[in-house]
Amino acid sequence: MFFASDNTSGVPPEVLAALTRANEGYMPSYGGDPVMTRVRDRIRELFEAPEAAVFLVATGTAANALALAIACPPWGAVFCHRTAHVTEDECGAPEFFTHGAKLVLVEGDHGRMAPETLSASLSRTGVSGVHGVQRGCLTITNVTEAGTVYTPAEVAALTALARARGLPCHMDGARFANALVATGATPAEMTWKAGIDILSFGGTKNGLMGVEAVVIFDPAKAWEFELRRKRGGHLFSKHRFLSAQMEAYLADDLWLRLAARANHMGARLATGLAALPGAGLIHPVEANMLFAWFPAAGHARARAAGATYYDWSAPPEGAVRLVCSWSTTEADVDGFLALVAG
C-alpha cells in the first residue's frame, strides 16, 4: 500500500535484464554506444519524426531545465501553470539553466492552463520594452500536477496562442506514457502535430531506474542541447546504461503497458474512494495520480497498517495525494480501501 509516488516503485524485470546485458564487454562512451543508435531510431519511428534529435539524461529536472534553456533566452518568460513541476518542484533549476529566465505562472482549473488565461498572460508580458522580461516560451505538463490530462486538441489550443507570438513550446512529459494511455493519442498527435517543439519524455516515473529522453523536433537546436548537457554535467560517460533502460522500455510497448497498469490502478482507487461515506475527489482522475479526502479515522487505520501516502496542504481538511505505479496491485488498492472504510 505504497501510494506516495510512482518514483518509489522498483524496476521492471525486462529493464533489469537489459542492464545486465549492457554490462557485458565494452561499448563506446558518451552516447556513442550502438544501443543509443537503436533508441534514437525507435523514438523517431514512434513519433513519426525521422529528423528529430534524441538525447538521454538521468533526471526529469535535467530534461526540463536543459530543454527550456534552448527554448528561452535569459531575458525571457517561461509561461507555465501555477502548479507546474518546473515551478514547484525543481529548486530553481529552470531559472539556473536558462541563466535567469522568469517563470510566469498561468491559472487554470485542475492543473490545466486555460487558453483565455494564457492569452492574458501573453498579452501582459513584454509590453514595457527593455524594462521587462520578453516573451520566451510555453511549457505544458502532461500528465498535470493535479493528475489531469491534456488532450491533443487542448495542447494545440495553447500552442497556437504561443506560436502566434513566435514562441517555441515544450512539454514536460514525466508521465507522458500515462497521458497517451489516458487519451488514446499517438506520440506524434500529442507532440509535434499539436505544436510541441521539444518533449521531456519521462521514463523514471513509469518504472525505469533513472533515464529521461529529450526529443527535439527541430534538429537545428540539437548542437546547442549537446553543449548545454555537457556544460551542465549531465552527459554520462557510461551512457550505455541509460540507453539500455530506454531500449527495454520501448520494446514490445512495455512503456505503454506499464502506464496502462498504473492508470488502471488509479481508476480503481478513485472509484473506491468516491463511493465511501465522508470521502471525495478533489480533481478529475484521468491517469495514475489522484487527490482525495476522507475521515481522520480512515487515515489512522491506513497508516497503522503501513499505508504510505502524502498529506496535501490544499483544502479540504484531510486532503491527500495518492499515486499508483506500474507495480501497484489490486490487493494494494483493495486493502487500502478496506482500511479507509473501516
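Nothing fancy with the numbering, it's 1 onward along the sequence. Atom set for the values below is all heavy atoms of this structure, side chains included, hydrogens, waters and symmetry mates excluded.
Judged as a side chain to side chain donor-acceptor pair (under 3.5 Å), the pairs with a partner in residues 194-213 (not counting sequence neighbours) are, in order, N64-S200, R163-D197, H170-S200, T204-E212, N206-Y249. Sorted by first then second residue, the ring-ring contact (aromatic ring centres under 6.0 Å, His included) pairs that include residues 297-333, not counting sequence neighbours, are F291-W312, F294-H299, H299-Y309, Y309-F336.
Every residue two or more places apart in sequence or in another chain was checked for a side chain to side chain donor-acceptor pair (under 3.5 Å) with R257, and none qualifies. Shown here are the side-chain contact (heavy atoms from CB on, under 4.5 Å) partners of T141, two or more places apart in sequence or in another chain: A84, E145, D172. Applying the salt bridge (charged side-chain N to carboxylate O under 4.0 Å, His left out) test to R268 and every residue at least two apart in sequence or in another chain returns E330, D334. Residues forming a side-chain contact (heavy atoms from CB on, under 4.5 Å) with A120 (at least two apart in sequence, or on another chain): R124. For E14, the salt bridge (charged side-chain N to carboxylate O under 4.0 Å, His left out) test picks out no residue, with sequence neighbours left out. Residues passing the salt bridge (charged side-chain N to carboxylate O under 4.0 Å, His left out) test with E247, sequence neighbours excluded: R38. Among residues two or more places apart in sequence or in another chain, the side chain to side chain donor-acceptor pair (under 3.5 Å) test is passed with S29 by none. Here R231 pairs with nothing under the salt bridge (charged side-chain N to carboxylate O under 4.0 Å, His left out) rule; sequence neighbours left out. Applying the side chain to side chain donor-acceptor pair (under 3.5 Å) rule to H239 yields the partners D33, S243; only residues at least two apart in sequence or on another chain are considered.
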Checklist entry - For T20 and L16, what are the C-alpha separation, side-chain angles and deciding distance, and is it a side chain to side chain contact (heavy atoms under 4.5 Å, CB included)? => result CA-CA 6 Å; T20 299; L16 290 176; 5.6 Å; no
Item to check | Check against side chain to side chain contact (heavy atoms under 4.5 Å, CB included), V320 and F3 | outcome: CA-CA 10 Å; V320 298; F3 301 106; over 6 Å; no
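No single ILVMFWY cluster, assembled from side-chain heavy atoms under 4.5 Å apart, contains both V143 and V323. There is a path of hydrophobic side-chain contacts, each under 4.5 Å, that joins L290 to M1.
Between the side chain of R301 and the backbone N or O of V340 there is at least one donor-acceptor pair closer than 3.5 Å. With hydrogens and angles disregarded, no donor-acceptor distance shorter than 3.5 Å links the side chain of T125 to the backbone of L122.
Scanning both residues, P94 and L103, for their nearest heavy atoms gives CB-CD2, 4.5 Å. Contact detail for V149 and A287: the closest heavy-atom pair is CG2-CB, 4.1 Å. For V106 against L118, the heavy-atom pair with the smallest separation is CG1-N, 3.6 Å. Residue P115 comes nearest to A157 through the heavy atom pair CG-CB, 4.3 Å, listed as atom of the first residue, atom of the second, then distance. Pairing each heavy atom of A213 with each of I43, the nearest pair is CB-CD1, 4.1 Å. Between F241 and L19 the shortest heavy-atom distance is O-CD2, 3.4 Å.
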What pairs of donor and acceptor atoms, side-chain ones from residues 46-60 against any protein atom, are under 3.5 angstrom apart with sequence neighbours left out?
from: E48; atom 1: OE1; to: K193; atom 2: NZ; distance (Å): 3.2
from: T59; atom 1: OG1; to: A62; atom 2: N; distance (Å): 3.0

